[in-house]
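Notes follow the structure.
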Amino acid sequence: MDDLLDEFIAETREMLAALGGELVAWESAPGERDRLDEIFRFVHTVKGNSGFFDVPRITALSHAAEDALAAVRAGKRHADHALVSAVLAAIDRIGELVQALETGEKSGSEDDGGLIDALTQSAPEPAAEAVSATTAPAAHRAAVRSIRLPVDLLDRMMSGVSDLVLARNELARKLRQVSGGTELDTCFERVSGSIADLRDAITRTRMQRIDALFSPLPRLVRDLCDETGKQVSLEIDGGDVELDREMIEMIRDPLTHIVRNAIDHGIEAAEERAAAGKAQAGKLSVVACQTGNQILIEIHDDGRGIDGDSLVDKALAAGTLSAERAKRLTTAQKTALIFEAGLSTAREVTAISGRGVGMDVVRANIERIGGVVDVESKAGQGVRLTLRVPLTLTIIPALTVGAGGQTFAIPRSAIEEIVRAEAGNVRIEALGGARVATIRDRRMPLVDFGTLIGVNAGEHGSMLIVLKLAGGGTFALGVDAVHDHEELVVKPAAPAVIAAGLYAGTTLADDGRPVLLLDPPGIAARAALSLERAEAESKAAVAAPAAPTVASLLFKSIPGPRRLVPVAAIDRIEEVAADAIGATGGRLHVAVDGILLPLEGCGSAPPERAIRILRLSDGATQIAYGVDEVIDIVAAGTEFFPAATPGEVRGVTLIGEDQAELLDLHWLFARHAAGGAVVSERPSCLLPAGDPFMENILRPLIESAGYRVLRAGEGEGAQADLVILSAEDAAPAPAGPGRVLRIRAAAEPLGKKDDSIHRYDRAGLLRALSAGGAKR
Amino acid sequence: MTTLLLIVRLGGERVALRASEVEGVVEIPSVTPVPGAAGHVAGLAALRSRVLTVIDCKASIGLLRHEDEKPRDAVVAVVDGHPYALLVDGVEDVVEAGAPSPLGSAPGDGWSRVARASVEAEGDLLLLLDIAALIAGPAAVAE
């Protein structure tokens, strides 16, 4: 008997799920006989089946609905809005009752009388328009070859296969050690191939069409429209994309919430839309597609958009945002405030949304499964929310790192950036016991993992991994080394391991050793970080380099000699693969972050292996400089022995006992700047402060011409023999005996009377400098 | 009624574990430490494709941790779906024994938390240890 009941429950639920879209479609075109038949068949089946069990309420409801629908089929009643709503309500109630039957709980609503009345009472109006007799044969129901399986059986199969994959990897390792000959290898290859196929197949059994997520949406949208009196047309695409069924369950609530939000707050009422010159019916599209091993779900409405300023006001009122930081927010950052806890743009709390369960929960849920939510809003044009989630929960992309002599894995979704601790744009300072890293003017707490776990206390790792947390904060995690990107089969960790508060799970590395998967929020909590976002993003005051020495990066160049480059000119240091480097017209270039940069320092032949590059910047353009090995950051003196001929090296200086060549940044950048310039006959020697070009690139050139460089504020312009000004800056030349040299960034003169020099007109600059005469 | 017992050596004593709760006995060649975890959690070990959480039973009953890095005998048990390896000094035998009887007198400090009963096997009276309590470790007492 129990089996029969279970069967009844399962069948009814399945039919209900399949019916969701049909119901709404039927409402918009009540004349369609096929749909009507489908719904009729459902209530009829339910009525028939329920007769076997003691479920009088279900029987009564389905009976009433059947009667009403039969009347429509017979042309005695018209499928008006009231009738459709009544049928929908009855079907909903049936769903509720079935649910209650399954869980053994009591259904919340007790009285079905109203529903049954609604079905019967609407006076059978004369069939003004009988249901058009579309006599098309009922759609042929394809026999489905399927069986029903409990999900935990699938889970067991999945974990069995994961084990099999790991066992195969272990076997592969052992085989390599003994080198068993080709016959054994061939045999192993075959086993290995079958396992891979099996894994694919099992993974697919856990997959479900994302339709399961989308099919309730038409109904949801319809009900919301009813409630709000708005008109919305829903477009759904990509329902055939497949996703791990566990994932689908995890996304269901966030997606529902987003759709509710879009209709409740995003899409305007018809009149408002008309006034804004939009179609009366709002458009909401939900699209899924697969990109690589991620599923992308995009929810796009054409409503009023998110009012970033009102979010800022709310955040200010709630005290989660400082007034000072509010001023610096970009539009995108303002929009992203929607993800902050407790902020809602809803002007008033409605029954549908704005009850405090907000987008912060949506984001937390998506991030918990390793996904990402992005929001993009255009005022008056709508909001586009993008959910990116991994295909499955069990295999996650991760980065393996070394710390304290051990290997750990970090979920890649949490990683924002990886930088070297000694990179020029990274500063690490100690504030009391805590450490703070400043990466490109962005300040964030630094947690050294080695210190946290009690090894190499007081030191910090050479690599910093910038991790972002679900809450939006970031911190840098210091580790000793970054190993590799790997796809890891993650297994839950035992409670005793979870209790450490640092780990999210365990996994086996390719070499068969267990690896702990780090839990970034846990680490932040353990390190007691206060991730004040205001602080995290505050601009650090970047101190000007001390006058007598220049903080310089000492490195081993690819040709061999040790060279120096001012740290301030380095944007970042990166590792690039050999195939990212190409040669065109005798010059090398390298592709990084989707852009091509000229590559210097490698001679004319592309290197045959991965190299490290310095990304140098003059404030506007970037070039890459290949290096063999980064040695250290040193304070280099300004004294040097100039090179005989201009080239990438402008001279040699001493670092300690050893010689090091100074890179001539001016020469390097000049090679890659748009050429051509006018020669001027006038010179100068007081440099304006705060211009990276002047400070990092021009200054060495002026110095090599024999000048002593004063910076603004340091020496008075009146005492300078030569005053260098930016031509774009209209500041008047200071009064004094010194000559004035204007330097412009533009390749062409700014006007007829413009006597400035193009910043990369090397000959012109040198001539101007020598014409002024080094008076020392 | 008889019970199958696994006799192991631990902290200089012969003690018993219920054989029905034990999946097997393995040699753990190396352990990956879990920094930050409780003291009785020796680390992780790979057994075929499974990751075992290695419990140092000596530490769990309040004795000194195992120090040597040699491969060690461990008893594999699955508790709440998680596989564990319990490090012991040595594994002796599986024997049949009578029904366990409650302890007449409380054993020494660490033992009282993990030993709930005594059992007679091969003429000796042995402590019957509770695997879940060994895994929970000393901290569980405080809670």
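Just so we're on the same page: letters track the sequence lines, and every chain starts at 1.
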Which of residues 494-502 of chain A get closer than 4.5 angstrom to chain B, counting heavy atoms alone? A494(A), P495(A), A496(A), V497(A), A500(A), L502(A)

Count the heavy atoms belonging to other residues, nucleotides or ligands that lie under 6.0 Å from CG of D80(B), then report whether that count exceeds 12. no

What part of P83(B) lies closer than 4.5 angstrom to a heavy atom of chain A: side chain, backbone, both or neither? neither

Excluding sequence neighbours, so at least two apart, what forms ring-ring contact (aromatic ring centres under 6.0 Å, His included) with Y84(B)? none

Which atom of L134(B) lies closest to which atom of I61(B), heavy atoms considered: CD2-CG2, 4.0 Å

For E13(B), what residues pass the salt bridge (Lys or Arg N to Asp or Glu O under 4.0 Å) criterion, not counting sequence neighbours? none

Please state whether the side chain, the backbone, both or neither of T53(B) comes within less than 4.5 Å of a heavy atom of chain A. side chain

Closest non-hydrogen atoms of L464(A) and G478(A), given as atom of the first, atom of the second and distance, are CD2-CA, 3.9 Å

Side chain, backbone, both or neither: which part of T407(A) has an atom under 4.5 Å from a heavy atom of chain B? neither

If I take atom CG from residue L128(B) and atom CG from residue L17(B), how far apart are they, to the nearest 0.5 angstrom? 7.5 Å

Taking side chain to side chain donor-acceptor pair (under 3.5 Å) as the test, write out the residues that go with R9(B), two or more places apart. E92(B)

